[in-house]
Amino acid sequence: MDFTLSQQQKMIRNAVRDFFKKEFPSSRLRQIEAKGLSDFLPVYRQMGDQGFLGIAIPEEHGGSGGTWVDLAIFNEEAGRALVPSVHVSAVTLVGQALLSMGSQAQKAELLPPLTSGQTVITPAYFEEGHEPRTPELRTVAIAQDDRFVLRGEKRFVEAFEVASTLLVAATDETGSARLFLVPRVSPGIRHREWLLQSLDRVADVALDGVAVPREAVLPASNWDAWLDVVDGAKIALAAYAVGAAEAALDMAVAYSKIRVQFDRPIGSFQALQHKLADAAMQVEQARTLLYYAAWLRQERGSCPREAAMVKLLAGNAFRQAAYAATLTHGGYGFMEEQDIQLYFRRAKLVEHQVEGPGVQTEIIIPAAG
Amino acid sequence: MDFTLSQQQKMIRNAVRDFFKKEFPSSRLRQIEAKGLSDFLPVYRQMGDQGFLGIAIPEEHGGSGGTWVDLAIFNEEAGRALVPSVHVSAVTLVGQALLSMGSQAQKAELLPPLTSGQTVITPAYFEEGHEPRTPELRTVAIAQDDRFVLRGEKRFVEAFEVASTLLVAATDETGSARLFLVPRVSPGIRHREWLLQSLDRVADVALDGVAVPREAVLPASNWDAWLDVVDGAKIALAAYAVGAAEAALDMAVAYSKIRVQFDRPIGSFQALQHKLADAAMQVEQARTLLYYAAWLRQERGSCPREAAMVKLLAGNAFRQAAYAATLTHGGYGFMEEQDIQLYFRRAKLVEHQVEGPGVQTEIIIPAAG
Amino acid sequence: MDFAFTPAHERFRAELQEFCRKEVTADLFNEMKEAGEEHHPGFYRKLAERGWIGLQWPREYGGRALDNLHTTIFFEEMEYAFAPVGRYRGSVVFVGQSILAFGNEEQKRYFLPRIARGELTCCWLLSEPNAGSDAAALQLRAGEEGDDYILNGQKIFTSGAHASDYGMVAARTDPGAPTKYAGISLFLVPMNSPGLTIRPLWTIGGWRVNQEFFDSVRVPRTAMLGEKNTGWQNITRYTLNFERAAIAKTGTLLRLSDELTEYLKTARYAAGDRMRHQLAALRAEIIACRWLGYKVAWLYDQGLTPTNESSMIKALTVDLLYRLADLGSDILGYAGLLRGPEAPLEGHVEFLLRSIWFHLVGGGTPDIQRNIIAQRGLGLPRE
Amino acid sequence: MDFAFTPAHERFRAELQEFCRKEVTADLFNEMKEAGEEHHPGFYRKLAERGWIGLQWPREYGGRALDNLHTTIFFEEMEYAFAPVGRYRGSVVFVGQSILAFGNEEQKRYFLPRIARGELTCCWLLSEPNAGSDAAALQLRAGEEGDDYILNGQKIFTSGAHASDYGMVAARTDPGAPTKYAGISLFLVPMNSPGLTIRPLWTIGGWRVNQEFFDSVRVPRTAMLGEKNTGWQNITRYTLNFERAAIAKTGTLLRLSDELTEYLKTARYAAGDRMRHQLAALRAEIIACRWLGYKVAWLYDQGLTPTNESSMIKALTVDLLYRLADLGSDILGYAGLLRGPEAPLEGHVEFLLRSIWFHLVGGGTPDIQRNIIAQRGLGLPRE
């Protein structure tokens, strides 16, 4: 047993942290909030150049190699800096889906530009009224001659604005859920953009008879394999949440040491101390489980229960740490010009991303069969 | 609108409080914990003599008259003193059931000794695996000649040890749930006594072909009418919980003012202050709703949602106040010789009594039809 | 004990509901965006026309001489309808009520009728960059010069400073007082006074608050509200309690819990049933708080000062607002994060989760309320 | 990062499980009732025979020189089996580990092998009637008299005082020290010393603790454990951290959450499905705490002093124990209140809800742990 990072992992952590400190100050995030993800792409490509996007993708596929623990380390730092989670969509979901379900040709063609950050492919798998983790999708893909024709509506597609291609989950004629690569500008695609609490943008996407070639399907795709990819992304996102939670907590601790009220630093008040101690405990709990889950994913492969547990705990930790940290800042906490609010506005999003909080407990203790 | 007690209500409150202070010190409760309810009967009969047991029972039936608000006042004081809740079983459940469903003869015969405390009749309505508030009881009452023969098993019958008669809920041949008066010593009755966390005793009762005369049935009895009685008892019990919660809180406040640690009263520590402030808020919330529900019951009759709300809130308030108050006492809190533990050991019981916490939210917002 | 509303209360409620059905329109909100706060001059004028400003004030000051329950019902129905009453709160409750409570006859006669007619709006300036929770540490100085006071210093986090005619300003008039609690006075200051600069501070809740710079702002001696150097006593005895009770948004709680209940009925899904129970538990607390709010109003009607209860209702309702917004977000799922009037429940859940901070921090943080409940309510010793 | 157990760990765990299946019997509990604490001499002897006392101690002191993970696994499995290890904790962890950490060579050679052989049991006497959370305010006086110390004063809330051969007693040796934290020393005192009286204090958890009266109890100078007047430093650096980590009952949490999960599978009812989700949320925290517990053990193995983590694991697990007991009671319904081995889940949920206070208060209240986490862990300033 060993609870430390290896020398190499420490190097990764420091490299990522330094990179984001330099390339992703909060001013950059504010710029993206105002203008959208296109302003993020230069940084994103640099992340690709640094090899960050290729973590946990084998080198033979253009990745940087490394483990799920390395990926957790990277995401913790990304969360700390509140870097847009395009990498989760494009690499940890789509990239890993290609790895496990794609054809050799798909992998060869698509993985290198994904891991270099040159291309963004984003998954489109949420549907209105879809019961999470069940394969009953209403979007259908009908085989016609040498093509598939897709019809249906997808919701909450992240990074749509910068994606060249969507990875669309749809039911084929046999009733199986399959994954299809669909160029974003295909005829028959309409979208409607929404602004989130975080000021991120997501798109609802209507596919109205969108034709794609036969090779657009990921040949080994099926719903269970997709859920396994989702589980992996939940671990990555949990790492993001842990990093963000800790950053918010750090800011609150620092502020509470210098902010004086009643002739003493507010951090000396017991009620505030206990609030921050509670947040610290939740972060520690989530982080411990995070590295266990990441290690398990690396060593054993599939670990749906642990992925669900850590998604739940890390989401809670981020939400509660961001709340406590914002409250610590008193009236300043919710002023746009303060940075702590950036964390608060993203906490609930991270809970809902990839797979919402409502389904995690169902996975941890399933209903009696 | 008026949030004060009337002069008469203040007199009731003071009379009850003084009575319990004198007749029911904690030493008496400890005696009952050791020996059972028979040691309580002398006090119980005095409660009858004082007219306390007859509150909200019309004078024509041997009651003291008065309103549901008066009954709440009485129960608040009973809870404050942790008086065994025999009166809830015998009067607020059985007495009210007789009032609303009994024959003139039953009322005339049974209500006076119930309100005087000479007799205890206790309801037997819990069943294993019974889904609360549904009328599907497994205990059956088969009409044979001039008798009913009852078969089935009842659980958690309170005050069994001092009851002369049980009021048994059973399904008759038409499939309706009816209520039957069954002498406790009837042939065919077996029981098994359990000790509770509170050191109260409850009985599981098996009815193995127990024959009662035709007149043993409450003629107007049906499941809805019984649930309405249950709703009333929930308000009474909520009052008990509010009183008990406040007593526990009072003890904690008093202790925290005199207990010195770190050279200051522990009540000056902000963390403790906030714990007790939270408890005080919950008590205030529950009490406000309590008097609203009691008033509504008096003015409008049936109010199942408000009864459910106040049972839930008052139960929470008692549990959390007792927890906070016991914790305030540190190591002393859980010593048998301290009184605060008496409250903690009863808090969870009150949540489960009459109707458990699991069903209250179902009543407040029922499933979509 | 009597929990019945009078027929007059019931009629008033019905009238409010009818009014809101007609007057609270989408246009209202679009036009407010520019104003930058929960206030709409046209709508405010209509409230005045109906005679709904100064409900609880004596007739001689332009009021209606109604009990405080009317005001509570007014807020509940307005909040239920998501009607804009931000400047109403500031003008009528924070400032108007304060003038009534401790202003002199002249001030009452000047300000109250004008407020009641909707001609004059007010805001309340207490916090300073270095005096937040510790508001009594305020440093804005009001120095005497002949018959005038000259104000120098800063205020911050002021709602509606940019939309108000007058500000009620807490200032230090005796810097040499033995404690910080002594030596504070209140002034009614025209917000267009020379030397007074207002800077917007935008919040994540969408509305702006403000920072004000007082650079030798001159007001006459008659601008002082209440006795000299007793400002802090008046603030804690009156203004802050008024404020706390008035920002307990029971109407919002009722509305959103109603809407979420409806939503769960129509949009059925596995996790929904579980969340229904969480919502039901909140509902019980909301109903309790509704009656606690009525009780606070009633206590005022009895001539009492419910300090403890005002802190309670504030702390309880803001906690409920946060839990309801968070649960609401879970109930709506990812869609609960979408902004704007086309989002589920017209985006109200998303907005509430983001604007919760006005309620959390306004009138004192939850920690401050708990300090008050523990020390004033339970009599626990200060450190 | 490596979360794998070694084959030795796995074998050890299997061995423990096998042992508990055989040895943890109903008789054990019936016999313990008389002893009044979670301890059974026969069972304890068997633990010693297996070589399971002093797992983590050097061989020269009768130990097995195994890593601390072994001890954590030991507790987890014992707790999972509801095996009695109360006096084990006191003897091996609170006192034995303290002797190892700061005792002298002679003390190590005398005590540790005897403890390891199960011949000698210990208890830990810190709290006094007027020194609870503020333990450093202790007043029990150890005055020098020739080569001896004479102890006078009281201790309270001592688990197992009546079942122990030796007590580790915190006493004041320098009443004139500049602070209360200076001037405390520790002594190893035979519990049958003349002048030492033990009074039982019965808890609602069923087990007894004790109050001890020291009336001129004489011990030789050699009974002092650690340097004179550095007792408080040793207590906070070592003993309390050992204690906190050792009372984090992960095994109990795992067992009861397993059993409640099974119960919900078999006893299906409407509210059960909802409670299943609450249980699942607790389960996630329990698994996190399990690994946090391993981490604490591992930190000790690295020669570190995980003060912050020890407070965290203690605060987190006791909170989980309470929430699990409360939820368990709701899951079982009224039946969750029944006492005794014939109640559902053999009465364990009922018992836990009632005995939670040992864990809540033992090793310092939740408030004390949070103070430590805030001040030591986060570096926040003391008042």
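Chain letters run A, B, ... following the sequence lines, proteins first and then strands; every chain starts at 1.
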Does any heavy atom of chain B fall under 4.5 Å from the side chain of [X], the backbone, both, or neither of them?
| X | result |
| --- | --- |
| D:Tyr269 | both |
| D:Arg274 | side chain |
| D:Asp330 | both |
| D:Pro366 | side chain |
| D:Ala131 | backbone |
| D:Glu342 | both |

(message) Does the plane of the ring in B:Phe344 sit parallel, tilted or perpendicular to the ring in D:Tyr322? Use 30° and 60° as the thresholds.
(response) tilted

(request) Over 60° means perpendicular and under 30° means parallel, so classify the ring planes of D:Tyr181 and D:Trp232, tilted if in between. (result)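 Tilted: the ring planes of D:Trp232 and D:Tyr181 meet at 30° to 60°.
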
(request) Return yes if some donor-acceptor pair links the side-chain N/O of B:Gln197 with the main-chain N/O of D:Leu337 below 3.5 Å, else return no. (result) no

(message) Can a donor-acceptor pair be found, under 3.5 Å and without considering hydrogens, that links the side chain of D:Arg172 to the backbone of D:Lys180?
(response)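 Pair found, side chain donor or acceptor close to backbone of D:Lys180.
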
Most heavy-atom pairs under 4.5 angstrom with chain B, which of [options]?
| options | answer |
| --- | --- |
| D:Ile204, D:Leu353, D:Ile356, D:Leu201 | D:Ile204 |
| D:Ser127, D:Ser133, D:Ala137 | D:Ser133 |
| D:Gly340, D:Ala271, D:Ala270 | D:Ala270 |
| D:Thr365, D:Asp326, D:Val361, D:Asn130 | D:Asp326 |

(request) Could you name each residue pair satisfying ring-ring contact (aromatic ring centres under 6.0 Å, His included) that touches residues 358-383 of chain D, not counting sequence neighbours? (result) B:Phe334-D:Phe358

With a 4.5 angstrom heavy-atom cut-off, could you sort out which part of [X] is near chain D: side chain, backbone, both or neither?
| X | result |
| --- | --- |
| B:Leu327 | both |
| B:Phe126 | side chain |
| B:Tyr323 | both |
| B:Val359 | neither |
| B:Arg192 | side chain |
| B:Glu193 | neither |

Between [X] and [Y]: side-chain donor-acceptor atoms closer than 3.5 Å:
| X | Y | answer |
| --- | --- | --- |
| D:Gln139 | D:Glu128 | no |
| D:Arg199 | D:Gln211 | yes |
| D:Thr158 | D:Glu212 | yes |

(request) Mind ranking B:Asp200, B:Thr361, B:Leu199 by heavy-atom pairs under 4.5 Å with chain D and telling me who comes out on top? (result) B:Leu199

(message) Between B:Glu362, B:Gln353, B:Arg264, B:Glu351, who has the most heavy-atom pairs with chain D when the cutoff is under 4.5 Å?
(response)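 Of B:Glu362, B:Gln353, B:Arg264, B:Glu351, B:Arg264 has the most heavy-atom pairs under 4.5 Å with chain D.
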
(request) Tell me, please, whether B:Phe40 has B:Arg28 positioned over its six-membered ring: NZ or CZ under 6.0 Å from the ring centre and within 45 degrees of its axis? (result)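 No cation-pi geometry.
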
(request) Could you give me the CA-CA distance, side-chain angles and deciding distance for B:Glu33 and B:Ser198, then say whether side chain to side chain contact (heavy atoms under 4.5 Å, CB included) is met? (result) CA-CA 8 Å; B:Glu33 285 192 352; B:Ser198 63; 5.9 Å; no

